[in-house]
4 protein chains.
Amino acid sequence: MPKVVSEYKELARERILDSASKLFYHVGYHNTRMDDIAKSIGVTKGTLYLYFKNKEDLLIMACQRNVTLLEESLKNAIKSDFLDSFDEFFEEEMRMPDYVRFHWIFSLTEVETNNRIKEILAESYRKYVDLIAAVLEELMEKQVISATVDSVLLAQMLIAFHNGILTSMLQGLGQDESVSMFKSGIRLLLSV
Amino acid sequence: MPKVVSEYKELARERILDSASKLFYHVGYHNTRMDDIAKSIGVTKGTLYLYFKNKEDLLIMACQRNVTLLEESLKNAIKSDFLDSFDEFFEEEMRMPDYVRFHWIFSLTEVETNNRIKEILAESYRKYVDLIAAVLEELMEKQVISATVDSVLLAQMLIAFHNGILTSMLQGLGQDESVSMFKSGIRLLLSV
Amino acid sequence: MPKVVSEYKELARERILDSASKLFYHVGYHNTRMDDIAKSIGVTKGTLYLYFKNKEDLLIMACQRNVTLLEESLKNAIKSDFLDSFDEFFEEEMRMPDYVRFHWIFSLTEVETNNRIKEILAESYRKYVDLIAAVLEELMEKQVISATVDSVLLAQMLIAFHNGILTSMLQGLGQDESVSMFKSGIRLLLSV
Amino acid sequence: MPKVVSEYKELARERILDSASKLFYHVGYHNTRMDDIAKSIGVTKGTLYLYFKNKEDLLIMACQRNVTLLEESLKNAIKSDFLDSFDEFFEEEMRMPDYVRFHWIFSLTEVETNNRIKEILAESYRKYVDLIAAVLEELMEKQVISATVDSVLLAQMLIAFHNGILTSMLQGLGQDESVSMFKSGIRLLLSV
DNA sequence: GATGAATGAGCTTTCATTCAT
DNA sequence: CATGAATGAAAGCTCATTCAT
């Protein structure tokens, strides 16, 4: 019985987080009312407080969830140890909903204010660096790329380039352009 | 006489914009009270409304001002037509206060909501692309870099890389690391 | 179930409108604070906004309500087709609370500014003219009054006289004097 | 010298009062800003305070001035002791600017709040009653009208009718209709 | 679990008034 | 006499949060 309840609650939580994420992305955290979130999933304000302590908690949980979704997507794409697994990752990322893909950029706004968000993003950043650096080392071993540069620095450069493209998309860069820019960019950075 | 008045008012405007920019950056637009801005420069709330229509107007003007400051900084640094004028630009940028350097990232949050901000950032983006593409073409002519790639695409890649580094800095990347990453990254992207 | 809720809300609306009407009359619309209205019925400001969009909306609804209350009072009094049904109407009117009886005079202040108020009062004026003209025609048919004058013009004259007495009351004319002035006045105007 | 200054000041006062009256009538006392009044006569806010203690003082003085203007107009028209001197008065009144003619209706709004306004209007009311009652008595002596009714009561009825027509004009009654309604109405009330 | 009426602190904005020049 | 920059008290309104049902 508690299992069932728990599953139901988990489902409800997910629905709230998903809808909140969309709203936070599309109209901004501060422009989103608890009422808007509630209405968007057909419940009333009070219900949200059964699942989340307060609005900030909801933001943090949404941030955490989107970070996790993206990380899982990366891990899946990156399992092949070839260069184009990066391409696959980016294409996979492009398939994710915008409010998941871009959430971190908007969460950055809260970084100076909210320590929990800062930690989540920083930890995620570290994970990405580690993961990609490991892949790069494999590629170096297999001599797909040359081993002259520090793999961590290279990973950081790839991430920066990737993140930069996403910000450009927010300023109007098209998706196809982004994909091709990503592909040729990382090859230049890896001197392939 | 009116000239004097106008100078005084212009100065007052500048002080408000500068202080507002700092606060918008450090605690966020929505977390900044008109009262905070007023107090930070030793006046009262009412005074702000002598210079700006409302809070949103203040945000837009601050955004515009920071964009302009950055653009001027770029134009000055980029006047020499050698490759390391890019380095100079980035170093110059690092010397600017954080609330000017990073303002656009935080303004992105308002992009989905505020059309005026969107226009300002989009126009600035276009200017940068044009300016850098022009420099790149000069460098191609002088055969400092090879002329095989489209200069606009290359410019967009450089900008993306640059912007990505800034986002990484917000996630904890140090300033020295950023500078060296920028220098080596653009050389890789330009295949120099 | 929704019926019950709706009844409760309807009741709450009525209480707000009634108390707001009183305050608007006694201290003036612009001198009445939302806080005052709220406190007068033992709720807080926020509650008012659950029932009315804003202060102006509250004014318009109060105006509408008072117009309706007066109109109903007129219709009831006027059902007998004798001359003294006018007397009954005026006496009935005197029994209504001052803030209902005089509201229209105070609403006139907003007429130049607020189109909705203007429409409400203008429509009410037309209704009164029609209603009274119809009664006058009946009285003419029954030869209670002579049929030499235009019934609409006569109705307008009666209304003007009636309204004028109300303004005099605001300038200090006593209620008993008003009643007797009304009774003899309309008889003079109708040449009875 | 002081005479000249005083004349100048008197002129300035008049200009302010006149312009303030217009604005109070056309947009309402509470919707009129000191700034609006100042701008309307090409000075700055501060100047108003050289001539009037505060905004309320300005209202009271404006009210007083308009009352006086109307009273003088009445006295001039009424000097002939024939019945149609009433007609002349009304026609004269129609020639005055609306913001003088209607000011008292709008001042009524402040009656419940502002004792000074209340006194001014009450005193004016008394003056009118006395003046008209005196005229009526002359007319009774000359047997222009029958002497069966109390002249004061009759005066009050005439005033009420007159005031009522003005309120009707605010609700849309045309000027020509008003004049003819006035003329026939007072003849009915006086049984002439 | 869910509701939704009520709260009240806190925000942006307005504007009559002052006063150094 | 006149200015106009500055004030600050006070207003309307919002919305995250609570809690009796």
Side-chain angles (χ1 to χ4, degrees), chain A residues 5 8-9 12 29-39 41-59, chain B residues 1-2 4-5 8-9 11-12 30-39 41-58, chain C residues 1-2 4-5 8-9 11-12 30-39 41-58, chain D residues 5 8-9 12 29-39 41-59:
Chain A
V5 171
Y8 174 84
K9 284 201 78 168
Y29 172 65
H30 292 282
N31 297 320
T32 302
R33 316 287 147 235
M34 292 300 269
D35 229 359
D36 300 334
I37 300 173
K39 268 178 196 146
I41 53 169
V43 298
T44 56
K45 260 186 302 190
T47 304
L48 302 182
Y49 289 87
L50 297 174
Y51 297 90
F52 299 93
K53 214 171 83 242
N54 52 33
K55 195 185 175 189
E56 193 189 352
D57 186 37
L58 224 169
L59 173 67
Chain B
M1 195 75 99
V4 174
V5 171
Y8 172 84
K9 286 202 89 169
L11 214 71
H30 292 282
N31 297 319
T32 303
R33 314 291 146 230
M34 291 303 269
D35 229 356
D36 300 334
I37 300 172
K39 270 178 194 148
I41 54 168
V43 298
T44 56
K45 261 182 305 190
T47 305
L48 302 182
Y49 290 89
L50 297 176
Y51 296 89
F52 300 93
K53 217 170 79 245
N54 51 35
K55 194 184 175 188
E56 192 188 353
D57 186 38
L58 192 40
Chain C
M1 195 74 100
V4 174
V5 171
Y8 172 84
K9 286 202 90 171
L11 213 72
H30 292 282
N31 298 319
T32 303
R33 314 291 146 229
M34 291 303 269
D35 232 355
D36 300 334
I37 300 172
K39 270 178 194 146
I41 53 168
V43 297
T44 56
K45 258 185 305 189
T47 304
L48 302 183
Y49 290 90
L50 295 176
Y51 296 89
F52 300 93
K53 215 171 80 244
N54 51 35
K55 195 184 175 188
E56 193 189 352
D57 186 38
L58 192 41
Chain D
V5 171
Y8 173 85
K9 284 200 78 168
Y29 172 66
H30 292 281
N31 298 319
T32 302
R33 317 284 148 237
M34 291 302 268
D35 228 359
D36 300 334
I37 300 172
K39 267 178 197 147
I41 53 169
V43 298
T44 55
K45 261 184 302 189
T47 305
L48 302 181
Y49 289 87
L50 297 174
Y51 297 89
F52 299 93
K53 215 172 80 243
N54 51 34
K55 195 185 175 188
E56 192 188 353
D57 186 39
L58 225 169
L59 174 67

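Every chain is numbered from 1 and lettered A, B, ... according to where its sequence line falls, protein lines coming before strand lines. For the numbers below, each heavy atom of this structure counts, side chains included, while hydrogens, waters and symmetry mates do not. Quick caveat: nothing in here was measured; it's all calculated off a predicted structure.
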**Prompt:** Taking only side-chain nitrogens and oxygens of A/Tyr29, does any of them come within less than 4.0 Å of OP1 or OP2 of F/dA16?
**Reply:** no
**Fill in**
Testing E/dA6, E/dT12, F/dG12 for proximity to the side chain of C/Tyr8, the answer is E/dA6
**Message:** Between C1' on E/dT13 and CG on B/Leu58, what's the gap in Å once rounded to a whole number?
**Reply:** 13 Å
**Fill in**
Output for pair (A/Ile41 CD1, A/Thr47 OG1), nearest 0.5 Å, gives 8.0 Å
**Request:** Would you tell me if any nitrogen or oxygen in the side chain of B/Tyr51 comes within less than 4.0 Å of OP1 or OP2 on F/dA6?
**Result:** yes
**Item:** Residue met sooner reading DNA chain F from 5', once B/Leu48 and C/Asn54 are mapped to nucleotides
**Value:** B/Leu48
**Request:** Take the protein atom CG of D/Asn31 and the nucleotide atom P of F/dA11, then report the distance between them rounded to whole Å.
**Result:** 16 Å
**Asked** To the side chain of B/Tyr49, which of E/dA9, E/dT12, E/dG1 is closest?
**Response** E/dT12
**Request:** Kindly compute the distance separating CG (B/Leu58) from OG1 (B/Thr32), expressed to the nearest 0.5 Å.
**Result:** 9.5 Å
**Request:** Could you tell me the separation between the NZ atom of A/Lys39 and the P atom of E/dT3, rounded to a whole number of Å?
**Result:** 13 Å
**Asked** To the nearest 0.5 Å, how far apart are NE2 in A/His30 and CG in A/Leu59?
**Response** 8.0 Å
**Request:** Find the distance C/Met34:CE to E/dC11:P and express it as a whole number of Å.
**Result:** 20 Å
**Item:** Gap between atoms CG and P, on C/Asp57 and F/dG12 respectively (whole Å)
**Value:** 14 Å
**Message:** Can you see if the side chain of D/Thr47 gets near the phosphate of F/dT3 - specifically, an N or O under 4.0 Å from OP1 or OP2?
**Reply:** yes
**Side chain of A/Lys45 - closest among F/dA2, E/dT13, E/dA6** = E/dA6
**Prompt:** On DNA chain E, nearest-nucleotide positions of A/Ala12 versus C/Gly46: which is more 5'?
**Reply:** A/Ala12
**Prompt:** For the pair made of CG in B/Leu11 and P in F/dA5, what is the distance, rounded to whole Å?
**Reply:** 14 Å
**For atom CD1 of B/Ile37 and atom C1' of E/dT13, their distance in whole Å** = 13 Å
**Item:** OP1 or OP2 of E/dA16 under 4.0 Å from side-chain N/O of D/Arg33
**Value:** yes
**Message:** Any base atoms under 4.0 Å from C/Asp35, or only sugar-phosphate, or nothing? Heavy atoms, all strands.
**Reply:** nothing
**Asked** Less than 4.5 Å apart, any side-chain heavy atom of A/Arg33 and any of A/Asn31?
**Response** yes
**Item:** Nucleotide nearest B/Leu50 (side chain, heavy atoms from C-beta), chosen from F/dA6, E/dG1, F/dC13
**Value:** F/dA6
**Prompt:** What is the base-pairing partner of E/dG4, counting Watson-Crick and G-U wobble geometry with both distances under 3.5 Å?
**Reply:** F/dC19
**Item:** D/Thr44 side-chain N/O to F/dA2 phosphate OP1/OP2 under 4.0 Å
**Value:** no
**Item:** Under 3.5 Å: donor-acceptor pair, side chain of D/Lys55, backbone of D/Tyr29
**Value:** yes
**Message:** Just the rounded figure in Å: distance from P of E/dT12 to NZ of B/Lys53.
**Reply:** 16 Å
**Asked** So how far is it from B/Lys9 NZ to B/Leu11 CG, rounded to the nearest 0.5 Å?
**Response** 13.0 Å
